[in-house]
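Take a look at the structure set out below.
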Amino acid sequence: MQTNTIITIGRQYGSAGRQIGRAIAEELGIKCYDKELLDRAAKESGLCQELFENHDEKPTNSFLYSLVMDTYSFGYTSAAFSDMPINQKVFLAQFETIKKIAAEGPCVMIGRCADYALSDFDNCLSVFFHADMKTRIRRIAKIYDLTDAKAKDKIVKSDKQRASYYNYYTSKRWGDSDSYDLCVNSGKMGIDGSVELVLNAVRLKEKGYKKPIF
């Protein structure tokens with residue numbers, strides 16, 4: 001299946017969003033960017049890759065957020081960039097990299113507020129994967145060989161970090177259906193079903209299929 005669509009994926013921890021995203025990319029024959037996005041941002045910005053890994057989808061504070069967005073809104077010089085705090089440099093470098101990758105053609109991007117960064121791209125389809133806690137606990141406990149209690153703690157902590165990061169850096173709410181084009185319960189649909197559902201959504205989007213909801 002040929003496509004011109006960029007698919008951004010938000011996901012609850014343990015919902016298999018990353019696995020589903022890679023499967024979608026494979027089906028479409030396009031690239032999938034997850035940690036690869038951090039690698040590229042590090043190379044193109046000249047910043048140490050470890051900085052991106054340490055700040056990856058980690059929450060910040062509202063004051064830092066306002067500084068970052070003011071800087072991005074009004075433009076910044078190389079000198080200004082060099083004087084920025086590390087958090088600002090990482091965010092801006094990642095934000096710019098997401099846009100550059102999207103401009104190169106269709107792909108799948110996982111996390112990192114990609115849906116917000118690409119909000120002005122008409123060929124972008126934003127998807128959020130979620131699942132019930134029991135399903136996610138079973139998945140994480142199996143993958144990392146954890147007790148159910150430890151798996152749940154890991155899930156709660158990760159979701160909290162992702163939500164804080166997303167909510168500060170975007171004008172939307174993490175996990176809120178209004179924030180995405182499509183929300184999928186991967187616990188109900190399964191991995192294969194979730195992949196097929198998104199592929200169908202891509203087909204409909206590219207056909208320009210719209211029908212009044214009233």
Side-chain angles (χ1 to χ4, degrees), residues 1-38 40-41 56-57 69 72 91 94-132 135-136 139 159 162-163 165-214:
M1 173 182 170
Q2 291 187 329
T3 183
N4 187 46
T5 299
I6 298 165
I7 302 162
T8 64
I9 293 180
R11 71 281 184 226
Q12 287 184 326
Y13 192 73
S15 65
R18 178 181 287 108
Q19 183 178 348
I20 294 169
R22 291 197 177 281
I24 291 169
E26 185 175 349
E27 286 288 333
L28 293 174
I30 58 179
K31 292 183 179 179
C32 180
Y33 292 90
D34 183 16
K35 295 293 185 182
E36 296 89 346
L37 191 155
L38 303 183
R40 178 160 170 178
D56 188 24
E57 294 188 299
M69 295 315 294
Y72 187 79
F91 174 77
Q94 190 168 277
F95 200 84
E96 289 296 328
T97 298
I98 289 171
K99 286 182 171 291
K100 287 180 181 179
I101 291 173
E104 294 170 359
C107 61
V108 174
M109 293 193 196
I110 299 175
R112 285 102 193 169
C113 302
D115 60 307
Y116 182 68
L118 304 180
S119 58
D120 57 343
F121 281 64
D122 292 335
N123 63 329
C124 182
L125 178 71
S126 60
V127 185
F128 186 83
F129 291 103
H130 62 98
D132 62 274
T135 297
R136 293 192 287 149
R139 178 177 172 79
D159 279 356
R162 290 177 180 176
Y165 181 86
Y166 186 91
N167 294 345
Y168 276 126
Y169 281 117
T170 79
S171 58
K172 304 184 290 184
R173 300 294 296 178
W174 184 82
D176 190 323
S177 60
D178 288 341
S179 299
Y180 310 91
D181 298 321
L182 178 67
C183 292
V184 180
N185 187 333
S186 56
K188 294 285 188 182
M189 300 300 298
I191 292 176
D192 292 342
S194 296
V195 171
E196 188 60 32
L197 196 157
V198 174
L199 292 178
N200 284 334
V202 170
R203 293 187 185 99
L204 291 173
K205 177 178 174 59
E206 295 189 347
K207 285 181 180 179
Y209 184 83
K210 290 183 179 179
K211 188 175 182 180
I213 59 175
F214 52 84

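Keep in mind the model is a prediction, meaning the values are calculated, not measured. Each residue takes its place number in the sequence, starting with 1.
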Check salt bridge (charged side-chain N to carboxylate O under 4.0 Å, His left out) between Arg40 and all other residues, then give those that pass, not counting sequence neighbours.
-> Glu44, Glu104

Nearest heavy-atom approach of Ala131 to Gly187 is CB-N, 3.7 Å

Evaluate the side-chain proximity of Cys124 to Thr8: yes if any heavy-atom separation is below 4.5 Å, no if none is.
-> yes

For the atom pair SG (Cys32) and CD1 (Ile20), what is the distance rounded to the nearest 0.5 Å?
-> 11.5 Å

Shortest non-hydrogen separation from Cys113 to Tyr169 and the atoms involved = SG-CB, 4.1 Å

Residues in salt bridge (charged side-chain N to carboxylate O under 4.0 Å, His left out) contact with Arg22, at least two apart in sequence or another chain | Glu36

Salt bridge (charged side-chain N to carboxylate O under 4.0 Å, His left out) partners of Glu206, counting only residues at least two apart = none

Partner residues of Phe128 under the ring-ring contact (aromatic ring centres under 6.0 Å, His included) criterion, sequence neighbours left out | Trp174, Tyr180

Grab the two heavy atoms, one from Ser186 and one from Ser15, that are nearest each other, plus how far apart they are.
-> OG-O, 2.6 Å

Can you measure from CD (Glu27) to CD1 (Ile24) and round to the nearest 0.5 angstrom?
-> 9.5 Å

Using a 4.5 Å cut-off on heavy atoms from C-beta on, say whether the side chain of Pro106 contacts that of Thr5.
-> no

Approximate separation, where rounding is to 0.5 Å, of Ser126 OG and Leu118 CG | 10.0 Å

Polar side-chain atom of Arg11 near backbone of Phe129 as donor-acceptor pair, under 3.5 Å | no

Can you tell me how far the CG atom of Leu37 sits from the NZ atom of Lys100, to the nearest 0.5 Å?
-> 11.5 Å

Side chain to side chain contact (heavy atoms under 4.5 Å, CB included) partner of Ile9, chosen from Val108, Asp34, Val184 = Val108

Any Leu28 side-chain heavy atom under 4.5 Å of Ile7 side chain = yes

Partners meeting side-chain contact (heavy atoms from CB on, under 4.5 Å) with Lys31 (sequence neighbours left out) | Tyr33

Between side-chain atoms of residues 188-201 and protein atoms elsewhere (two or more places apart, or another chain), which donor-acceptor pairs fall under 3.5 Å?
residue, atom, partner, partner atom, Å
Ser194, OG, Gly190, O, 2.7
Asn200, OD1, Arg203, NH1, 2.6
Asn200, ND2, Glu196, O, 3.3

State whether the side chain of Asp159 and the backbone N or O of Gln12 hold a donor-acceptor pair below 3.5 Å, judged by distance alone.
-> no

Nearest 0.5 Å, what's the CD1-CG distance between Ile6 and Asp122?
-> 10.5 Å

Output all residues satisfying side-chain hydrogen bond (donor to acceptor under 3.5 Å, both in side chains) with Gln19, sequence neighbours left out; order by chain, then residue number.
-> Arg139

What pairs meet the salt bridge (charged side-chain N to carboxylate O under 4.0 Å, His left out) rule with one or both residues in residues 173-183, with sequence neighbours excluded?
-> none

For Lys172, enumerate each residue passing the salt bridge (charged side-chain N to carboxylate O under 4.0 Å, His left out) test, keeping only those at least two apart in sequence or located in another chain.
-> Asp115

Of all the heavy-atom pairs spanning Thr3 and Val202, show the shortest one and how long it is.
-> OG1-CG1, 3.5 Å

Taking only residues two or more places apart in sequence, or in another chain, which ones meet Asp132 in a side-chain hydrogen bond (donor to acceptor under 3.5 Å, both in side chains)?
-> Thr135

Min side-chain heavy-atom separation Asp120-Lys99 under 4.5 Å = yes

